[in-house]
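Before I ask anything, here is the structure I am working with.
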Number of protein chains: 2
Amino acid sequence: MQNGLESLTTDEIAAASGVSTRTFFNYYPNKEAAAIGHPPEFSESDKEALRTGTAPLAADIKRLLGRHIETLAKDEAILRMVGKILRCNEKARGILDGFLSAQREDLTEVFCSRIGNRQTAAALAHSATNAIGGAIFLWEHEDGITLSQALDRVWEGLMDASRLLSSTGE
Amino acid sequence: MQNGLESLTTDEIAAASGVSTRTFFNYYPNKEAAAIGHPPEFSESDKEALRTGTAPLAADIKRLLGRHIETLAKDEAILRMVGKILRCNEKARGILDGFLSAQREDLTEVFCSRIGNRQTAAALAHSATNAIGGAIFLWEHEDGITLSQALDRVWEGLMDASRLLSSTGE
DNA sequence: AAAAACCTTGCACAGTCTGCAAGTTTTGCA
DNA sequence: TGCAAAACTTGCAGACTGTGCAAGGTTTTT
């Protein structure tokens with residue numbers, strides 16, 4: 001069993017769900033999309049807080065990410081299972097990638113309305129979504145660490161990296 | 001024609017390549033992988049230069065990225081075609097994502113050996129690969145801009161973002 | 001209670017991809 | 001040169017995903 005998904009047929013999934021295979025495909029465009037579902041979005045109020053926040057930008061971003069990771073932490077089991085699927089199913093990765101790209105664009109708009117410059121906003125949005133992804137990755141690969149702790153570690157790395165990039169020496 | 005790839009069957013591709021369909025699948029694991037191919041890697045010597053460089057980190061990174069984007073610029077036609085495929089084929093996105101993740105890990109090692117801290121290295125690697133992706137995106141969506149110019153714009157955004165993140169005020 | 005809108009399902013079908021068992025070509029070496 | 005081994009190509013059968021369509025059933029509306 002390389003995947004878990006690959007060894008599950010749509011017939012089996014449909015039967016287990018108590019609908020016909022045809023109906024399964026009325027609900028979901030394909031097997032992978034059904035398996036990974038739709039990842040949670042950043043909350044509107046958190047985005048609004050980021051848009052209008054007055055604390056240093058880094059602090060406001062960290063708050064958004066922290067709250068988002070808390071949301072994710074509510075479904076650790078799902079997160080772990082989805083991670084397993086993503087690790088060995090290319091199509092699933094592509095589908096998730098689509099969702100995350102949309103979220104990143106969304107976040108880019110938020111940053112854009114706070115700081116004005118689109119390229120800068122895009123870089124920030126990338127950093128933010130990478131931090132979430134990185135935190136999940138760390139949490140998956142390191143025992144006895146919570147998602148929040150993982151985010152803190154990743155965040156520190158991002159802060160270090162930012163300092164390194166913006167300083168002229170090393 | 002939503003995709004271009006979806007309306008092309010493997011039978012057609014194989015026939016056009018002068019081999020049987022079965023042989024096509026001996027060469028490539030699937031249609032999408034065949035269509036997008038393997039993206040170019042960062043050159044070993046450029047990575048080595050980054051590993052052992054003594055200029056400010058940002059300058060060394062920028063050099064690596066600049067040289068990589070020059071490599072990409074040699075095949076603009078391919079880049080454009082692959083972009084078109086990626087935009088509407090989830091499986092292809094997932095496959096590319098796998099390649100790029102591997103490249104990013106590779107780059108993480110490079111940064112790691114230069115600066116020591118793994119999380120920081122990972123953040124830098126993310127920023128670097130995002131810059132490449134962002135530059136291609138910008139080049140695709142803005143008329144009359146070269147890849148190098150696009151990279152410069154994206155790079156400025158990254159520098160701004162780094163300063164914003166590492167400063168306590170705004 | 002009839003009509004309209006909606007949902008589920010079966011069926012046929014196009015397409016991807018794999019394993020297997022030939023057959024064919026290339027390589028290497030005697 | 002010539003033959004055996006290795007490597008490659010192919011056809012075929014088959015499992016599986018996903019779609020269009022039309023028939024049948026359910027729910028909602030009037």
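Residue numbering restarts at 1 for every chain, and letters A, B, ... go by the order of the sequence lines.
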Distance only, no hydrogens: is a donor on one side chain within 3.5 Å (strictly under) of an acceptor on the other, for Asn89(B) and Arg93(B)?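 Note: Asn89(B) and Arg93(B) side chains miss the donor-acceptor criterion.
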Just by modelled atom types, is the Gly116(A) backbone N or O under 3.5 Å from a matching donor or acceptor in the Thr120(A) side chain?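 Such a contact is absent between Thr120(A) side chain and Gly116(A) backbone.
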Expressed in angstrom and rounded to an integer, what is the separation of Glu90(B) atom CD from dG18(D) atom P?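 Taking CD of Glu90(B) and P of dG18(D), I get 10 Å after rounding.
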Round to a whole Å and report the spacing from CD of Glu12(A) to C1' of dC16(D).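 It works out to 11 Å between those atoms.
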State which residues pass side-chain contact (heavy atoms from CB on, under 4.5 Å) with Thr52(A); sequence neighbours excluded, sorted by chain then number.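 Residues passing side-chain contact (heavy atoms from CB on, under 4.5 Å) with Thr52(A): Glu48(A).
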Is the backbone of Asp46(A) close enough, under 3.5 Å, to the side chain of Ser43(A) for a donor and an acceptor to pair up by distance?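 A pair under 3.5 Å: yes.
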Give a yes or no answer on whether the side chain of Asn30(B) reaches the backbone of Ala33(B) with a donor-acceptor pair at less than 3.5 Å.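 Side chain of Asn30(B) to backbone of Ala33(B), a donor-acceptor pair under 3.5 Å: yes, one is there.
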Mind checking whether Met81(A) and Lys84(A) have side chains closer than 4.5 Å, heavy atoms only?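 Contact flag for Met81(A)/Lys84(A) side chains = no.
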Presence of Lys91(B) side-chain N/O under 4.0 Å of dT17(D) phosphate oxygens OP1/OP2: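 No, no such contact exists.
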Sugar-phosphate, base or nothing in reach of Phe24(B), heavy atoms under 4.0 Å: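 It contacts nothing in the nucleic acid.
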Scan side-chain atoms only and decide if Thr21(B) and Thr10(B) contain a donor-acceptor pair under the 3.5 Å cut-off.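 Judged by distance alone, the side chains do not pair up.
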Identify all pairs in which a protein N or O lies below 3.5 Å from an N or O of nucleotides 19-25 of chain D, and state each distance.
residue, atom, partner, partner atom, Å
dG20(D), N7, Arg22(A), NH2, 2.9
dG20(D), O6, Arg22(A), NE, 2.6

Select base, sugar-phosphate, or nothing to describe what Thr23(B) touches, counting heavy atoms under 4.0 Å on all strands.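 The residue Thr23(B) makes base contact.
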Separation of Glu6(A) atom CD from dC16(D) atom P, in whole Å?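 From Glu6(A) CD to dC16(D) P: 12 Å.
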Could you tell me whether the phosphate oxygens of dC16(D), OP1 or OP2, come under 4.0 Å of any side-chain nitrogen or oxygen in Thr9(A)?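 For Thr9(A), the contact criterion (side-chain N or O under 4.0 Å from OP1 or OP2 of dC16(D)) is not met.
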Ion pair Arg153(A)/Glu156(A), N-O distance below 4.0 Å: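 No, this pair does not count.
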Range on DNA chain C touched by chain A, heavy atoms, distance below 4.0 Å: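 With heavy atoms of chain A under 4.0 Å away, the range is dT8(C) to dC11(C).
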For Asn26(A) and dG18(D), what is the distance between atoms CG and P respectively, to the nearest whole Å?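 Computing the Asn26(A):CG to dG18(D):P distance gives 13 Å.
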Select base, sugar-phosphate, or nothing to describe what Leu8(B) touches, counting heavy atoms under 4.0 Å on all strands.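 If one applies the 4.0 Å heavy-atom cut-off, Leu8(B) turns out to touch the sugar-phosphate alone, with no base involved.
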Ser148(B) and Thr146(B): side chain donor to acceptor below 3.5 Å: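 No, Thr146(B) and Ser148(B) have no side-chain donor paired with an acceptor closer than 3.5 Å.
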